[in-house]
Undergrad: 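Once you've had a glance at the structure underneath, I'll fire off some questions.
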Amino acid sequence: MLRTYLAFTAVVATLSLGAGGLAAQEHIRQSAIDAPAPQDHSTVVEHHIRTPAAEAPAPTLDDATIVAIFDHANTVDIETGKLAAERGHSNEVRQFGTMLARDHEMVRQQGRDLAKKLGVTPTPPAGDQSARDQAAVIRRLSSLRGGEFDRAFLQREVQFHKDVIAAIETTLLPAIKNEELRALVVKVVPAFQAHLAMAESFLTRVATK
């Protein structure tokens, strides 16, 4: 994941990001929506990717799992983007949500087209609970209104994109074997960075109101 399987979330059941590993499971940090602060390297991909070392050895990230992480990270932000487009209090947040959903739908489709071309079947890690975790995030955000929703959504977007970028650079890229897949992931990093910058800018403005 990408923290979003990162979602990107996901971007897996046991790989730890900061230390050079990455658990293949999207751990969308709920600090943005009043969950306990995660360990120092949580990420969407991280919840896809993390299980205590005592429970199981870290799984190997192969291209099929990375494709699943990448796909899920994009799906995660499509869902939250659409939610913001519908429920955002400010026009800026609604427009930002629309943009996120549109951009991540395009990137997700590129990933799916490439996987089909390469004959790669996206394979989430065993024990993946990212869908459950994302559903909890959506429920929590859906319970908020007005400026409270905007702040929680933007906080979540900032952390999501930080985690996805870190997961890509630290764990996913070093593990990718196929050069076309690598090229696609490298190509989308600037878009994730632009989303992060926008979320940080909007959050700063919301915080000063």
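As the structure is a computational prediction, the values presented were derived from the model and not from experiment.
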Undergrad: Check G88 against V93 and note the closest heavy-atom contact, atom names and distance.
TA: CA-CG1, 3.8 Å

Undergrad: Looking at A64 and V120, what are the two nearest heavy atoms and their distance?
TA: CA-CG1, 3.7 Å

Undergrad: Would you say the side-chain atoms of D63 pair up with the backbone N or O of N178, donor to acceptor, closer than 3.5 Å?
TA: yes

Undergrad: Does the side chain of R132 pick up a donor-acceptor pair with the side chain of Q129 at under 3.5 Å?
TA: yes

Undergrad: Just do the salt bridge (charged side-chain N to carboxylate O under 4.0 Å, His left out) check on D62 and K177 with the steps written out, would you?
TA: CA-CA 8 Å; D62 58 15; K177 302 296 188 298; over 6 Å; no

Undergrad: Taking atom CG of L100 and atom CZ of F153, what is their separation to the nearest 0.5 Å?
TA: 5.0 Å

Undergrad: Less than 3.5 Å apart, which donor and acceptor atoms pair up between the side chains of residues 181-193 and the rest of the protein, not counting sequence neighbours?
TA:
from	atom 1	to	atom 2	distance (Å)
R182	NH1	L173	O	2.9
R182	NH2	L173	O	3.3
R182	NH2	I176	O	2.7

Undergrad: Does T65 reach the main-chain N or O of P124 with its side chain, forming a donor-acceptor pair under 3.5 Å?
TA: no

Undergrad: Please assess V206 against L154 for the test side chain to side chain contact (heavy atoms under 4.5 Å, CB included), listing each intermediate value before the final yes or no.
TA: CA-CA 9 Å; V206 166; L154 292 169; 3.7 Å; yes

Undergrad: Can you measure from OG1 (T171) to CD (E169) and round to the nearest 0.5 angstrom?
TA: 10.5 Å

Undergrad: Is there a path of hydrophobic side-chain contacts, each under 4.5 Å between heavy atoms of I, L, V, M, F, W or Y residues, that connects I78 with V158?
TA: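 No, I78 does not connect to V158 through the hydrophobic network.
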
Undergrad: Looking at H161 and E157, would you say the former's side chain and the latter's main chain have a donor-acceptor pair under 3.5 Å?
TA: yes

Undergrad: Could you go through the salt bridge (charged side-chain N to carboxylate O under 4.0 Å, His left out) check for D77 and R156 one step at a time?
TA: CA-CA 10 Å; D77 225 28; R156 182 261 179 201; 2.7 Å; yes

Undergrad: Closer than 4.0 angstrom, basic N to acidic O: yes or no for R94 and E86?
TA: no

Undergrad: Going from CG on D71 to CD on Q110, what distance comes out if it is rounded to the nearest 0.5 angstrom?
TA: 12.5 Å

Undergrad: Quick one, S90 and D150 - any side-chain contact, counting heavy atoms below 4.5 Å?
TA: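 In short, these two side chains touch, coming nearer than 4.5 Å.
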
Undergrad: Could you tell me the separation between the CZ atom of R102 and the CE atom of M99, rounded to the nearest 0.5 Å?
TA: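 It is 7.0 Å, given to the nearest 0.5 Å.
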
Undergrad: Taking atom types as modelled, is there a side-chain donor on R139 or S142 under 3.5 Å from an acceptor on the other?
TA: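 On atom types as modelled, these side chains do not qualify, holding no pair under 3.5 Å.
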
Undergrad: Roughly how far, to the nearest 0.5 Å, is the CD atom of E79 from the CD atom of Q134?
TA: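 That separation rounds to 4.5 Å.
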
Undergrad: Would you please test H89 and E148 for side chain to side chain contact (heavy atoms under 4.5 Å, CB included) and show each step?
TA: CA-CA 9 Å; H89 178 63; E148 188 180 11; over 6 Å; no

Undergrad: Check the hydrophobic clustering (I, L, V, M, F, W, Y; side-chain heavy atoms under 4.5 Å; chains of links allowed) and say if L196 and L172 are grouped together.
TA: yes

Undergrad: With under 30° as parallel and over 60° as perpendicular, where do the rings of H104 and H195 fit, or are they tilted in between?
TA: tilted

Undergrad: Check whether any side-chain heavy atom of F202 lies under 4.5 Å from a side-chain heavy atom of M198, and answer yes or no.
TA: yes

Undergrad: Could you check whether any side-chain N or O of S143 sits under 3.5 Å from a backbone N or O of R140, counting only pairs where one atom can act as donor and the other as acceptor?
TA: yes

Undergrad: Quick one: do L61 and L118 end up in the same hydrophobic cluster if we chain Ile, Leu, Val, Met, Phe, Trp and Tyr together by side-chain heavy atoms under 4.5 Å apart?
TA: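 Linked within one cluster.
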
Undergrad: Regarding E105 and K82, does a basic nitrogen lie under 4.0 Å from an acidic carboxylate oxygen?
TA: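 Yes, E105 and K82 are salt-bridged.
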
Undergrad: To the nearest 0.5 Å, what is the distance between CG on L141 and CZ on F149?
TA: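 Reported value, rounded in 0.5 Å steps: 5.5 Å.
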
